[in-house]
Structure formats: C-alpha cells, structure tokens
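In each ligand, atom 1 is the first atom listed, and ligand 1 is the first ligand listed. FYI, side chains are in, hydrogens and waters are out, and symmetry mates aren't considered; it's all heavy atoms of this structure.
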Amino acid sequence: MPRNVHFIIGASGQLGTEFALALHQAGEQVVLSDIKPPELDSLKDLPFECMDVRDADAVANRMAQHGTTHVHHLAAALSARGEKEPQWAWDLNMRGLLNVLEASADSKKIAKVFWPSSIAVFGPKNGPVAEQNGHRIPETVYGISKQAGEQWCAWFRQHRGLDVRSVRYPGLIGELSPPGGGTTDYAVEVFDHLDGPTPYSCFLSKDTVLPMMHMEDAVGAMMQIMSAPQGRILNSESYNIQGLSFDPETLFAEIQQHVPGFEAVFAPDFRQSIADGWPDELNDSAAREDWGWTAKVGIQDLVQRMIVSKRQSIPFPNEG
Ligand code: SER
C-alpha cells in the first residue's frame with residue numbers, strides 16, 4: 001500500500017514544530033512548509049518547501065508535487081498580533097485556509113485535512129464553561145477568522161465532500177518552540193524568566209483563568225481525530241477539547257514549588273480584555289464521546305517538564 005504523505009503548513013511554528021517531530025518519529029513521511037525553515041535540528045534534514053500559504057498556486061502545486069495525502073494547515077496569526085494588524089491577520093488566516101481547502105478539494109489524492117480552531121471562537125457571553133455549541137460571537141480578529149473558518153470547513157465538507165477535521169485548541173504550552181503573538185503566551189514565556197534578574201512581568205491579571213494544554217496532548221488530539229473512522233466525526237464544526245485550566249497565580253505558585261526564588265508582578269495590558277472575553281474552560285464531552293478524546297498532562301507534570309527543559313534537571317525544594 002502506498003504510504004501516506006503528510007504536508008504540514010506552518011511547520012516552523014509552535015504547533016507545527018511539535019507535530020512535525022511527532023509524525024516523523026512515528027515513521028510517517030512528512031513534508032514541511034513555512035515561510036521560514038525549521039529551527040529544530042532534528043527537522044532540518046526533512047523535505048522543506050518555502051511557501052506563503054496566501055499564494056494559491058504555490059499551495060496547490062507544492063502539495064501535488066509531493067503526492068500529498070494528508071494536509072495539516074497550522075499557519076495562522078494569533079489573537080494579540082491580530083488586534084495590532086487586523087487586515088494582515090484576516091488575510092493570512094482566511095486566504096490561507098481557503099487556498100488549502102480549495103486545493104485539497106480539487107485534488108484526487110488528498111484524503112484528509114486538519115485545521116485548528118480555537119477557544120477564541122467564543123465570545124464573552126458564555127460564562128465560565130463554554131459548551132460545544134456555546135455562544136460564538138467573538139470580539140477579536142483572530143476569533144472571527146476562526147469562527148468563519150469553522151463555517152468554511154463545514155461548507156467544504158457538505159458541498160465539496162472534503163474530509164476536514166478540526167479541534168478548538170486552548171493556549172498551548174510546550175518545550176520545543178515559543179508561541180508568537182497570542183494572549184496565552186505568558187504561560188510559555190514565564191519559563192524563560194525563572195531566575196530573574198527582575199521579577200517576571202505578567203501581562204494578565206493574577207486571577208485570569210484560561211484553558212491551556214500541554215503540547216503532548218495537543219499533538220495527541222490531532223493524531224487521534226485524524227485517525228478516527230470518518231463515521232465517528234459527527235460534529236459539523238470544530239470540537240471543544242479541554243486540557244487544564246489555571247490562572248497566572250496558580251501557575252506561578254506551582255513554579256515556586258521548584259524554583260523558590262521565582263517572583264512575578266502583574267501588569268495587565270491590552271491582552272487582558274481579549275482574555276476576559278474567553279471562557280475559563282471548555283465542555284469537551286462531544287469529543288470524548290465521538291472519538292475518545294482525553295487529556296493526560298496536568299499542571300504539576302506540565303510545570304516539571306517545562307522547568308526540566310530549561311534546566312535539564314529539576315531542583316525539588318526538599319532535596320539535599
Ligand atoms: N493561543 C491562542 C492565542 O492566545 C488562543 O488559541 O491567541
């Protein structure tokens with residue numbers, strides 16, 4: 001049987017780096033594409049296409065040249081940068097998605113497409129827990145693009161017979177690559193400020209609870225939904241998935257368990273109002289029931305992994 005060929009768009013980004021590595025390590029054939037080459041040494045020898053996803057011809061031609069069977073479209077402008085550069089963010093997020101969906105629907109070889117949606121589709125009227133079909137009138141350019149993107153994916157499924165699958169990611173936290181331009185970025189960048197020399201300045205208030213997820217679970221969700229039988233994908237839009245939820249104060253207290261000298265101050269900026277519009281957690285019972293989703297990494301595990309990656313060893317307070 002011919003092997004699957006996974007074409008990853010945005011492969012040098014936060015999620016793309018982790019996902020490309022996981023698929024490669026699982027023995028899958030991957031082709032990376034981005035506007036900049038991968039930084040991770042273990043990805044540097046893999047096939048790479050320098051490509052702007054806004055270029056429709058490039059998207060169709062490069063995917064076809066490699067005999068692509070599975071597309072993972074992970075390139076996007078995130079929420080905070082999107083508010084600063086709304087036209088650019090809209091263009092990248094929407095034109096990029098439409099180019100990928102058109103080229104995939106036109107192709108006779110492409111079997112499945114993965115595209116991530118986000119907690120940003122939810123507006124401020126949900127209360128703390130966002131239901132699968134909760135109130136979706138987003139207030140950011142990023143959120144509007146994800147909400148519209150969900151509708152476009154549903155349209156391509158219904159009218160062009162394209163098997164496109166999607167989950168709503170929360171803030172993603174991983175060791176391999178930094179995020180860029182998101183509202184949940186504090187939960188990654190704080191690990192670069194463990195040892196001062198000044199306290200870490202957090203751009204959200206200490207009690208801002210947001211849904212978050214370790215990369216192992218984020219990659220696991222993508223693998224799981226992409227390998228589920230088509231008959232198990234019952235939702236016409238994107239699936240809620242819940243990892244863990246915490247506020248900055250809780251994360252920082254957990255860090256202090258291992259790094260007693262760690263200090264933080266709180267200086268909320270424009271990102272606070274973005275965070276205030278998002279839910280604290282997501283009800284993910286549909287993903288659990290339909291394709292068996294479950295998250296594994298809790299806050300203690302997450303903090304330990306992040307500190308170990310920065311330190312290569314972890315100082316426990318009661319040791320020595
Ligand atoms: N991490 C994203 C952001 O903060 C949310 O999906 O924009």
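- Taking every non-hydrogen atom of Tyr169 and a distance limit under 4.0 Å, the qualifying atoms of ligand 1 come out as 6 (O).
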Residues 202-214, side-chain donor-acceptor partners within the protein, below 3.5 Å, at least two apart:
residue, atom, partner, partner atom, Å
Ser205, OG, Asp207, OD1, 3.0
Ser205, OG, Thr208, OG1, 2.7
Thr208, OG1, Ser205, O, 3.2
Thr208, OG1, Gln272, NE2, 2.9
His214, ND1, Glu216, N, 3.0
His214, NE2, Glu175, OE1, 3.1
His214, NE2, Glu175, OE2, 3.4

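- For ligand 1, the atoms closer than 4.0 angstrom to any heavy atom of Gly182 are 3 (C), 4 (O), 7 (O).
- Within the 4.0 Å heavy-atom criterion, the part of Tyr142 lying near ligand 1 is the side chain and not the backbone.
- Listed by atom number, the atoms of ligand 1 under 4.0 Å from Leu78 heavy atoms are 7 (O).
- With distances taken over non-hydrogen atoms, the option nearest atom 1 (N) of ligand 1 out of Ile274, Leu172, Thr140, Thr184 is Thr184.
- Remark: of the listed residues Leu251, Ile173, Val190, Leu251 is the sole one forming a side chain to side chain contact (heavy atoms under 4.5 Å, CB included) with Val303.
- Listed by number with element, the atoms of ligand 1 under 4.0 Å from a non-hydrogen atom of Ser118 are 5 (C), 6 (O).
- Looking at Trp278 against ligand 1, only its side chain comes within 4.0 Å, counting heavy atoms.
- Contacts of Asp55 classified as side chain to side chain donor-acceptor pair (under 3.5 Å), with partners at least two apart in sequence or in another chain: none.
- Electrostatic pairing of Asp57 and Arg62 does not count as a salt bridge here, judged by no charged N lying under 4.0 Å from a carboxylate O.
- Relative orientation of the Phe7 and His66 rings is tilted, given thresholds of 30° and 60° on the angle between their planes.
- Considering Gln147, Glu237, Glu150, Arg168 as possible partners of Ser117, the one that fulfils the side chain to side chain donor-acceptor pair (under 3.5 Å) test is Glu150.
- Of all protein heavy atoms, the one closest to atom 4 (O) of ligand 1 is Thr183 N, 2.6 Å.
- Using a 30° and 60° split on the angle between ring planes, Tyr200 and His193 fall in the tilted class, from 30° to 60°.
- Regarding atom 7 (O) of ligand 1, its nearest protein heavy-atom neighbour is Ser79 OG, 2.6 Å.
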